[in-house]
Amino acid sequence: MQKATQCVHAGTQLDPQTRGVNTPIYTSSSFEYLDRDDCPYPRAFNTPNQKAVVDKLCELEGAEDGLLFSSGMAAVSTATLGLVSPGDHVVMLDQLYGGTHAFATEEFARFGIDFCFVETDADAVIAAVTPKTRLIMIESPTNPLLQIIDIRKVADFATGRGITTLMDNTFASPVGQNPLALGIDVVVHSGTKYLGGHSDLCCGAVLSSRAITERIRATARNFGGSLNAITCYLLERSMKTLSLRFERQSANALAVAQFLAAHPLVGPVNYPGLPEFSGHALARSQMSHFGAMMSFELNCASMTASQFLRRLRLITPALSLGGIESLICCPAETSHERMSPQERQRAGITDSLVRLSVGIEDERDLIDDLSQALES
Ligand SMILES: *Cc1c(COP(=O)(O)O)cnc(C)c1O
């Protein structure tokens with residue numbers, strides 16, 4: 001089946017009593033256990049509402065099994081700690097999501113896990129691998145510079161060397177990119193972003209083979225970061241429109257990126273869908289939609305990035321991303337605020353860099369708003 005059909009139908013557990021067309025919300029935390037070997041319990045990650053969403057995500061990502069978590073970071077941290085042991089080495093991109101970066105720098109040492117950060121480049125990843133490397137963690141496109149890494153090259157290298165590959169696919173969503181099909185072992189999502197899509201719920205997911213999911217499930221039971229039935233239902237409902245939303249958001253983003261790229265007060269625009277963007281060819285080869293995240297430099301001596309944000313009337317200066325409404329922020333003041341100015345400089349996060357998450361509004365209204373804020 002195609003993505004749009006999977007979004008609507010996959011995983012739905014029809015109500016046997018009423019024959020209603022939606023999965024009912026099963027709130028029980030206790031289930032009769034006699035004469036069955038799959039007794040559900042919320043923290044065992046096997047309740048009917050968890051299963052409905054996992055089954056939908058498995059179809060969309062081409063996974064055998066998966067787990068739903070109470071946040072994206074619960075998914076990232078539990079998957080990581082389920083896959084590595086003291087003495088193991090992890091290779092990570094320095095452009096990984098800020099929370100994942102902090103998880104490594106603030107927690108790994110206490111677990112005896114060794115790690116290094118490398119630039120967003122497959123050869124840099126391969127060069128950083130040591131005999132103790134057991135896990136490679138990548139993201140593409142990255143936040144906020146939208147850098148693209150050759151996913152298949154990383155996966156091909158790791159296969160057969162006893163190294164597990166984990167990819168955070170949040171920015172592309174399962175509609176835009178399927179890392180498992182490119183050879184990656186484990187996909188994680190912050191469902192708070194595109195999967196939920198309405199900036200009103202927090203959740204995460206891990207998707208993989210049956211064997212790897214079982215390893216992570218054992219750790220997940222101990223850490224306990226499972227998702228409740230009502231949020232599972234909201235997520236399942238949201239995902240029915242994921243394909244519609246993501247396609248519209250990607251189309252809007254291309255129009256907005258083209259407008260910005262042609263504007264004299266805007267410097268380089270980082271958007272994988274622009275032919276002149278450095279990662280365009282690679283993105284084209286591994287993504288089916290270029291997504292709705294972009295960043296750009298304001299090229300205007302008389303206006304700071306935050307002054308520009310204050311002049312917008314429709315696009316909201318707010319954190320997070322992936323919702324139906326367009327959101328904008330200055331990474332130097334938000335996600336990368338804790339870095340020193342020198343570290344930011346090295347990472348390419350200038351004070352005039354603006355990150356935009358494009359929603360499903362009419363593209364003409366988005367362009368009008370950006371236009372009036374640039375010209376006022
Ligand atoms: C937001 C985000 C996360 C963390 O997700 P939460 O739901 O906020 O815990 C992880 N990875 C990426 C790429 C994200 O954008």
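Counting starts at 1 for both ligands and their atoms, in listed order. Values in this document were obtained by computation on a predicted structure and should not be read as measured data.
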> Can you list the atoms of ligand 1 that are under 4.0 Å from a heavy atom of Gly72?
Replying inline: 5 (O), 6 (P), 7 (O), 9 (O)
> For the rings on Phe69 and Phe45, is their centre-to-centre separation under 6.0 Å?
Replying inline: yes
> Can you list the steps and then say if Thr316 with Glu325 is a side-chain hydrogen bond (donor to acceptor under 3.5 Å, both in side chains)?
Replying inline: CA-CA 8 Å; Thr316 310; Glu325 67 284 284; over 6 Å; no
> Please walk me through it: do Glu343 and Arg346 pass salt bridge (Lys or Arg N to Asp or Glu O under 4.0 Å)?
Replying inline: CA-CA 5 Å; Glu343 279 179 308; Arg346 232 177 297 127; 5.5 Å; no
> Taking the minimum heavy-atom distance to atom 7 (O) of ligand 1, which of Asn169, Thr192, Val76 ranks first?
Replying inline: Thr192
>> So if I apply the side chain to side chain donor-acceptor pair (under 3.5 Å) rule between Thr23 and each of Lys56, Glu236, Arg237, Gln13, which one comes out positive?
In response: Glu236
> Is the closest basic N to carboxylate O distance between Lys51 and Asp55 below 4.0 Å?
Replying inline: yes
> Looking just at side-chain N and O atoms, do Arg245 and Thr241 make a donor-acceptor pair shorter than 3.5 Å?
Replying inline: yes
> Met73 to ligand 1: N or O pair under 3.5 Å?
Replying inline: yes
> With a cut-off of 4.0 Å, which atoms of ligand 1 are near a heavy atom of Ser71?
Replying inline: 7 (O), 9 (O)
> Please state which protein non-hydrogen atom is closest to atom 15 (O) of ligand 1 and give its distance, to 0.1 Å?
Replying inline: Lys193 NZ, 2.7 Å
> Based purely on interatomic distance, does Thr100 place a nitrogen or oxygen under 3.5 Å from a nitrogen or oxygen of ligand 1?
Replying inline: no
> Is Asn143 in contact with ligand 1, taking contact as a heavy-atom separation below 4.0 Å?
Replying inline: no
